[in-house]
Amino acid sequence: MSQPISQRDAYLIINAGSSSLKFSVFCGAGKAELDAVLSGQISGIGTEPKFEAKDAQRRVLADGTVDEVEPGDRAGLLGFLLSWMRHELKDTRLVAAGHRVVHGGTRFAKPVRITPQVLADLEGLIPLAPLHQPHNIAAMAALAEVYPELPQVACFDTAFHQTRPWQAQTFAIPRELTEEGVRRYGFHGLSYEYIAQRLPQIAPELADARVVVCHLGSGSSLCALRAGKSMDTTMGFTALDGLPMGTRPGNIDPGVLIYLMREKGMGADALEKLLYHKSGLLGVSGVSNDMRALLDSDSPQAAEAVELFCFQVAKQATALATAMGGLDAVVFTAGVGENSAPVRARVAEKLAWLGVKLDGAANRAKATRISAAESRVPVFVIPTDEERMIASHTLDLLANATGAAASAAPLPVAAE
Ligand code: ADP
């Protein structure tokens, strides 16, 4: 048994998907001293729920099936989580929950306290993100059901990109469609916001710099950051656009979709499956969607998938440099960006003409600064932390709201 954590404020951070709910818990009295104390997930929602949790040192605290709740009962599962937290975090008050929400549309440019009206507004955005938004909303509604007095905050993947100039937000289509909301939103905003705050702490001379951030994970995108603000990004109306990803194609000529509809009789559902689940690294390699497996594979198609990925990262990074009028630094982050030295090396080689040169040993060692001393453009590896960003927004929003302290409460007995 781990030691119970002493009396402090706790923030529950939730990232809800279709069949899983990832959570983390941060404790601390202020933004500068937020400690990640727990993380884990409930997986198998709707089939056979499983609960896993680890402490800050990655020690396993829980790992087993949840038999006492109906598999599809999200409120029951959240009640189970709260009850477990109550036991684990003795003497700690749960102050609020912060949710990662995929889409804020044009309306939500910053985090917002969840109210019935906000929930209704978020439901109105479901057509823009039908695969993710309903699950984000379901988790908020379920938590409100099991713990109505707990303040909840929504933090959006799209919000950070609202600073982009008009031309970076707009498709060249009839204006009526743009006005209806058919526009480039961009995603991974919480990750980019975190990096925008972290980079000047690591390299203060880059506070006003033009930086391409490469968020390379199972979902991948790039962001052009100028003085910490998003100027452009590779994802668009949905998280399909831009770079090739684990199972998504990235940029694709829309004529391909018309061809598939006409010649193959594919409808929206079949196209959705093709574009979200069967394309990208998996589709090209026929081996895996996981970069590790591709780098370890002897298959020529796996090598081609890696090459295609690195080519597009470098090519689109160059386009983003144009959006900022230059390039002063590059940052790699997320699963592939933080962990794959070969991918970073290949992307950097392709950006050599822009003055990018890595220090091979620093790159292999995953140093924070991996560029060679003579590189015109410094290159960094910075682990992202979207959950901490959400915790920090949640704390800010509650600190600014009147009566927030009054609504802080110990974890509820009712959740047991
Ligand atoms: P998500 O987009 O789901 O948040 P992550 O940012 O966690 O994804 O990235 C997950 C991906 O990171 C995995 O699919 C895997 O391909 C990749 N990855 C993790 N570790 C390594 C590694 N050592 N080398 C190459 N790729 C890695």
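Atoms considered below: every heavy atom in the structure, side chains included; atoms not considered: hydrogens, waters and symmetry mates.
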Counting only heavy atoms not in [X], do more than 12 sit closer than 6.0 Å to its [atom1] atom?
{"X": "K229", "atom1": "NZ", "result": "no"}
{"X": "K357", "atom1": "NZ", "result": "no"}
{"X": "D253", "atom1": "CG", "result": "yes"}
{"X": "H135", "atom1": "NE2", "result": "yes"}
{"X": "Q197", "atom1": "CD", "result": "yes"}

Measure the spacing between [atom1] of [X] and [atom2] of [Y] and express it to the nearest 0.5 Å.
{"X": "F187", "Y": "H215", "atom1": "CZ", "atom2": "NE2", "answer": "13.0 Å"}
{"X": "L34", "Y": "C27", "atom1": "CG", "atom2": "SG", "answer": "9.0 Å"}
{"X": "L77", "Y": "F80", "atom1": "CG", "atom2": "CZ", "answer": "8.5 Å"}
{"X": "M245", "Y": "S218", "atom1": "CE", "atom2": "OG", "answer": "10.0 Å"}
{"X": "L225", "Y": "I195", "atom1": "CG", "atom2": "CD1", "answer": "8.5 Å"}
{"X": "I126", "Y": "I137", "atom1": "CD1", "atom2": "CD1", "answer": "4.0 Å"}

Ignoring hydrogens and angles, tell me if any N or O in the side chain of [X] forms a donor-acceptor pair with the backbone of [Y] under 3.5 Å.
{"X": "T47", "Y": "G44", "value": "yes"}
{"X": "Q301", "Y": "V284", "value": "no"}
{"X": "S297", "Y": "A293", "value": "no"}
{"X": "T178", "Y": "T170", "value": "no"}
{"X": "S220", "Y": "G217", "value": "yes"}
{"X": "S43", "Y": "L21", "value": "no"}
{"X": "D208", "Y": "R226", "value": "no"}
{"X": "T394", "Y": "I390", "value": "yes"}
{"X": "S299", "Y": "A302", "value": "yes"}
{"X": "N363", "Y": "A341", "value": "yes"}

Check the pair S24 / L38 against side chain to side chain contact (heavy atoms under 4.5 Å, CB included), numbers first and verdict last. CA-CA 5 Å; S24 42; L38 298 171; over 6 Å; no

Are [X] and [Y] close enough that some pair of their side-chain heavy atoms sits under 4.5 Å apart?
{"X": "R113", "Y": "L398", "result": "yes"}
{"X": "T234", "Y": "L320", "result": "yes"}
{"X": "V146", "Y": "L82", "result": "yes"}
{"X": "I14", "Y": "L78", "result": "yes"}
{"X": "R346", "Y": "V313", "result": "no"}
{"X": "L128", "Y": "Q133", "result": "no"}
{"X": "Y147", "Y": "L12", "result": "no"}
{"X": "L131", "Y": "E272", "result": "yes"}

Kindly determine whether F380 and L206 satisfy side chain to side chain contact (heavy atoms under 4.5 Å, CB included), including the steps that lead there. CA-CA 12 Å; F380 299 85; L206 293 174; 3.5 Å; yes

Step by step, would you call V381 with T368 a side chain to side chain contact (heavy atoms under 4.5 Å, CB included)? CA-CA 5 Å; V381 177; T368 301; over 6 Å; no

List the steps and the verdict of salt bridge (Lys or Arg N to Asp or Glu O under 4.0 Å) for K350 and E307. CA-CA 11 Å; K350 294 174 198 301; E307 175 56 22; 2.8 Å; yes

Answer yes when [X] and [Y] have at least one side-chain N-carboxylate O distance shorter than 4.0 Å, and no when they do not.
{"X": "E349", "Y": "R344", "value": "no"}
{"X": "D35", "Y": "R8", "value": "yes"}
{"X": "K50", "Y": "D63", "value": "yes"}
{"X": "D9", "Y": "R93", "value": "yes"}

Out of the candidates F108, F237, Y185, only one should pair with H103 under the ring-ring contact (aromatic ring centres under 6.0 Å, His included) rule; please name it. Y185

Please work out whether the ring planes of F51 and F23 are parallel, tilted or perpendicular, with thresholds of 30° and 60°. parallel

Shortest non-hydrogen separation from [X] to [Y] and the atoms involved:
{"X": "G104", "Y": "T158", "answer": "N-OG1, 2.9 Å"}
{"X": "R369", "Y": "A203", "answer": "NH2-CB, 4.1 Å"}
{"X": "L351", "Y": "A314", "answer": "CD2-O, 3.6 Å"}
{"X": "S371", "Y": "V379", "answer": "OG-N, 3.0 Å"}
{"X": "P249", "Y": "L275", "answer": "CD-O, 3.1 Å"}
{"X": "N339", "Y": "G335", "answer": "ND2-O, 2.8 Å"}

Any chance you could lay out the side-chain hydrogen bond (donor to acceptor under 3.5 Å, both in side chains) test for E338 and T333, step after step, and finish with the verdict? CA-CA 5 Å; E338 289 166 29; T333 193; 3.2 Å; yes

May I ask you to check whether [X] and [Y] show a side-chain donor-acceptor distance below 3.5 Å?
{"X": "H393", "Y": "E193", "value": "yes"}
{"X": "T384", "Y": "S191", "value": "yes"}
{"X": "R184", "Y": "Q169", "value": "no"}
{"X": "S221", "Y": "Y192", "value": "yes"}

Starting from the C-alpha separation in whole Å, work towards a yes-or-no answer on side-chain hydrogen bond (donor to acceptor under 3.5 Å, both in side chains) for S230 and H161. CA-CA 5 Å; S230 175; H161 297 298; 2.8 Å; yes

Show your reasoning for whether salt bridge (Lys or Arg N to Asp or Glu O under 4.0 Å) applies to D328 and R210. CA-CA 5 Å; D328 303 316; R210 298 160 298 184; 2.9 Å; yes

Is there a side chain to side chain contact (heavy atoms under 4.5 Å, CB included) between R388 and F26? Walk through the geometry before answering. CA-CA 8 Å; R388 180 174 296 276; F26 286 78; 3.8 Å; yes

As a test of understanding, state which of E52, E88, K54 forms a side-chain contact (heavy atoms from CB on, under 4.5 Å) with L61. E88

